[in-house]
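Working notes, structure below.
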Amino acid sequence: MESKLGNPAPLGLMGFAMTTILLNIHNIGFFPLSAVILSMGICYGGLAQIIAGILSFKKGNTFAGTAFTSYGFFWLSLVAVWLLPGLNMEVAQATPPDFLGLYLALWGIFTTFLWVGTFGKSKVQQFVFFSLTILFFLLSISLWTGNGTIHKIAGVVGVLCGSSAFYLAMAELLEEVKGKRVLPY
């Protein structure tokens, strides 16, 4: 009996999308950082994307496997950056803003290369990675300068990025369910 592995991309994209939207609604200033964002970061942004990444590797999709697994671990590491200082361990002190900015800039560099990998792929996928690249660098700049306006602008870019990933997830899901393209991407 032959078994077919389904498309893990909608799962990974939704894990990324919903977590990114929630965090960036916070970055805009509408809600404080809370258990909602931390829980999504661990469970959906983190674990669901890691699962989608592993399944993508199994399907032979190195790009999706690398992207989903990496961003899944990004979410887990970001939550750890926020929570570890609360454990009162000497080695787990709060991260200075300029060092957190460097952390995010490294993710921006990584994302830039993934964005280049989307050239020739769907326009929506290109937009997701382009806007994510801009998001990481805007957040870095806001941390390096202490500029709250840049931080809020980054939040708006993040909501647009997450929303585009949400759309792409639903477009791919509906295409598989209906056996034809329902939403353009």
Side-chain angles (χ1 to χ4, degrees), residues 3-27 36-83 100 103-140 154-155 157-177 181-185:
S3 70
K4 180 184 176 209
L5 186 62
N7 180 5
L11 170 65
L13 285 164
M14 286 307 297
F16 170 80
M18 290 175 57
T19 310
T20 299
I21 290 167
L22 286 174
L23 176 59
N24 284 287
I25 288 171
H26 155 74
N27 285 340
V36 167
I37 295 168
L38 298 175
S39 298
M40 285 289 280
I42 293 168
C43 298
Y44 208 31
L47 296 177
Q49 280 196 95
I50 292 167
I51 291 166
I54 291 167
L55 292 173
S56 294
F57 279 126
K58 184 169 175 56
K59 286 190 76 157
N61 189 337
T62 302
F63 181 88
T66 301
F68 289 136
T69 306
S70 295
Y71 293 123
F73 282 114
F74 162 79
W75 283 109
L76 293 179
S77 70
L78 184 62
V79 171
V81 165
W82 290 329
L83 293 181
L100 185 58
Y103 164 85
L104 294 170
L106 287 172
W107 281 102
I109 293 167
F110 170 72
T111 304
T112 301
F113 283 99
L114 289 180
W115 172 56
V116 170
T118 67
F119 294 0
K121 298 189 182 289
S122 83
K123 296 296 181 197
V124 178
Q125 188 179 32
Q126 290 175 37
F127 183 80
V128 169
F129 283 93
F130 176 70
S131 59
L132 183 57
T133 298
I134 300 302
L135 172 59
F136 278 128
F137 287 123
L138 284 174
L139 288 171
S140 296
V157 170
V159 169
L160 290 172
C161 175
S163 297
S164 65
F166 196 113
Y167 175 87
L168 183 57
M170 292 302 99
E172 289 193 27
L173 179 73
L174 290 174
E175 182 175 332
E176 186 151 330
V177 168
R181 189 165 286 191
V182 176
L183 298 172
Y185 63 95

Self-check item: Residue of the set Phe74, Phe136, Tyr71 for which ring pair (Phe, Tyr, Trp, His ring centres under 6.0 Å) holds with Phe110
Solution: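 Of all the options given, the one that passes is Tyr71.
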Specify the closest pair of heavy atoms between [X] and [Y], including all atoms of both residues, with the distance to one decimal.
X	Y	result
Leu38	Val79	O-CG2, 3.8 Å
Ala17	Gly162	CB-O, 3.2 Å
Pro8	Lys59	CD-CD, 3.6 Å
His26	Ile37	CB-CD1, 3.6 Å
Ala64	Asn61	N-OD1, 3.0 Å
Thr19	Met40	OG1-O, 3.5 Å

[X] side, atom [atom1]; [Y] side, atom [atom2] - distance, nearest 0.5 Å:
X	Y	atom1	atom2	result
Leu160	Leu135	CG	CG	10.0 Å
Arg181	Glu176	CZ	CD	13.0 Å
Leu168	Lys123	CG	NZ	14.0 Å
Leu13	Leu173	CG	CG	10.5 Å

Do [X] and [Y] come close enough that some side-chain heavy atom pair is under 4.5 Å?
X	Y	result
Ser140	Trp107	no
Phe68	Ile51	no
Trp75	Ile42	no
Lys58	Ile54	no
Phe16	Cys161	yes
Gln125	Tyr185	no
Leu139	Asn27	yes

Quiz item: Do other residues, nucleotides or ligands put more than 12 heavy atoms under 6.0 Å from the CZ atom of Phe113?
Solution: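 For Phe113, atom CZ is not crowded (no more than 12 foreign heavy atoms under 6.0 Å).
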Quiz item: More than 12 foreign heavy atoms under 6.0 Å from CZ of Phe166: is that the case here?
Solution: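 At most 12 heavy atoms, drawn from other residues, nucleotides or ligands, come within 6.0 Å of this atom.
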Exercise. Kindly determine whether Tyr167 and Phe127 satisfy ring-ring contact (aromatic ring centres under 6.0 Å, His included), including the steps that lead there.
Key: CA-CA 11 Å; Tyr167 175 87; Phe127 183 80; over 10 Å; no
Quiz prompt | Val128 and Thr118: CA distance, side-chain angles, deciding distance, side-chain contact (heavy atoms from CB on, under 4.5 Å) verdict | solution = CA-CA 10 Å; Val128 169; Thr118 67; over 6 Å; no
Exercise. Identify which one of Leu132, Thr111, Thr112, Leu104 satisfies the side-chain contact (heavy atoms from CB on, under 4.5 Å) criterion when paired with Phe137.
Key: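 Only one of Leu132, Thr111, Thr112, Leu104 forms a side-chain contact (heavy atoms from CB on, under 4.5 Å) with Phe137, namely Thr112.
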Quiz item: Donor-acceptor pair, Glu175 side chain versus Leu183 backbone, under 3.5 Å?
Solution: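 Looks like no, no N/O pair under 3.5 Å.
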